[in-house]
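Okay, so here's the structure we're looking at.
By convention in this document, chain letters (A, B, ...) are assigned in the order of the sequence lines, proteins followed by strands, and residues within each chain are numbered from 1.
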There are 2 protein chains.
Amino acid sequence: MIIFFIEVKDLPESWKDVFHRFNKKATPSRRAILEVFEEKGQHLSAEDVYEHLRAKKKKVGIATVYRNLDLLLRMGILRKVNFGDGREHYEICRTAQFHHHLICTQCGQVVDCEGMTQEEEQFLQRLRKEFEQKQGFVVHSYHIYFYGLCPRCR
Amino acid sequence: MIIFFIEVKDLPESWKDVFHRFNKKATPSRRAILEVFEEKGQHLSAEDVYEHLRAKKKKVGIATVYRNLDLLLRMGILRKVNFGDGREHYEICRTAQFHHHLICTQCGQVVDCEGMTQEEEQFLQRLRKEFEQKQGFVVHSYHIYFYGLCPRCR
DNA sequence: ATAAGTGCAAAGGATTTGCGATGGG
DNA sequence: CCCATCGCAAATCCTTTGCACTTAT
């Protein structure tokens, strides 16, 4: 027996389609950068991305890396995070679970904090409303940074 | 009638004493920088501090500003905050109420968010424990950034 | 074909550093 | 008086930009 009906919920749009939707070209550089984020995952600096590309024998200039990190940011594919080390870091949104960061103030190590749930939702929903009323802002996202000492530094 | 007993709870240590405790000199530059934070308050960049000093006719070199912002940070008098605008900002801890930040992603305007209370305490207390168990970190502080659109940009 | 994207090298902006001069304890 | 601190200018680090060449559509 053959099942003819296959439920496909939220089939993710291909990167090519995403670029197309933004009237941007799906160039090799851009694909390669996204590949790095999909493989290496979290919070990479421009230099990190550049090094990973070199390691993979993909020749992409550092300027192109910067330009495309910014583009991907504006397209909503990456988000920018900052750990106070003097450079910007980027994370991919789609493949990574939404999370926050725990930063060692001694050595700079950064750990992702995933899996905060309902309680967080409720807490932030309340704050969001408060800001929208008190300050007149529309809040569309937030980020929590925790600071402390990692196992080795404590 | 004279009241002989005056209750003085938590008399704040003078800046001079704080410097002394850290074996650092209470120089005019340092006093002037602290004065700026006490008067102008929130999230100033090194350049901001430098400009305010000039406006007050205090001649302090920009290098000295940077060196002392870092010193005051390490002494726990200032904390560093980052709004993604390519420069670091600093806030004074003692005189300012603990607060978070609401950032307009369009124009970069930053608003302080004060007065989150019990609920926040509880919520973050739970997370703190979770991290200490799961990751082995000691968490000593945290910071929440909210992103959205300000009244003018929405 | 052609406008968008790229690489390179130079420019820009923020922060740090070297060093001789200064002044707080 | 002496070492920490300062001012200045040069150095460094991250990021952006100008321009001629290449390429995805």
Between D/dT15, D/dT25, D/dC6, which nucleotide has the shortest distance from any of its atoms to the side chain of B/Arg67?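 In terms of side-chain proximity for B/Arg67, the closest of D/dT15, D/dT25, D/dC6 is D/dC6.
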Nearest to the side chain of A/Pro28, heavy atoms from C-beta on, is which of C/dT6, D/dA24, D/dG7?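 Of all the options, the side chain of A/Pro28 is nearest to D/dA24.
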Would a distance-only check, ignoring hydrogens and angles, find a side-chain to backbone donor-acceptor pair under 3.5 Å from A/Arg30 to A/Trp15?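 It does not hold such a pair.
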If you find the nucleotide of DNA chain C closest to B/Ala63 and the one closest to B/Gly86, which residue's nucleotide is nearer the 5' end?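 Upstream on the strand: B/Gly86.
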Take B/Ala46 and B/Lys24, find for each the nucleotide of DNA chain C with the closest heavy atom, and name the residue whose nucleotide sits nearer the 5' end.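 Going by which nucleotide is closer to the 5' end, it is B/Ala46.
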Base, sugar-phosphate alone, or nothing: which one does [X] contact when heavy atoms must sit under 4.0 Å apart?
X       : value
A/Glu47 : nothing
A/Asp70 : nothing
A/Ser29 : sugar-phosphate

Do the side-chain N or O atoms of [X] get closer than 4.0 angstrom to the phosphate oxygens (OP1, OP2) of [N]?
X       : N      : value
B/Asn23 : C/dG25 : no
B/Thr27 : D/dA4  : no
B/Arg30 : D/dT5  : yes
B/Tyr66 : C/dT16 : no

To the nearest Å, give me how far apart [atom1] ([X]) and [atom2] ([N]) are.
X       : N      : atom1 : atom2 : value
B/Tyr90 : C/dA14 : OH    : P     : 13 Å
A/Phe19 : C/dA4  : CZ    : P     : 16 Å
A/Ile62 : C/dA9  : CD1   : P     : 14 Å
A/Lys59 : D/dT23 : NZ    : P     : 13 Å
A/Glu51 : D/dC14 : CD    : C1'   : 14 Å
B/Arg87 : D/dT16 : CZ    : P     : 13 Å
A/Asp48 : D/dC14 : CG    : P     : 11 Å
A/Leu71 : C/dA4  : CG    : C1'   : 11 Å

For B/Glu91 and B/His99, which I'm curious about, is there any donor-acceptor pair between the side chains at under 3.5 Å?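 Note: B/Glu91 and B/His99 side chains meet the donor-acceptor criterion.
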For B/Lys25 and for B/Tyr50, find the nucleotide of DNA chain D with the closest heavy atom, then tell me which residue's nucleotide is more 5'.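 The residue whose closest nucleotide sits nearer the 5' end is B/Lys25.
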Are B/Tyr142 and A/Tyr142 grouped together when hydrophobic residues (ILVMFWY) are joined by side-chain heavy atoms under 4.5 angstrom apart?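 B/Tyr142 and A/Tyr142: one cluster.
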Sub-6.0 Å ring centroid separation between B/His100 and B/Phe98: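 For B/His100 and B/Phe98, the ring centres are under 6.0 Å apart.
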Between A/Tyr145 and B/Tyr145, does the ring centroid distance fall short of 6.0 Å?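 Distance test on ring centres: under 6.0 Å, yes.
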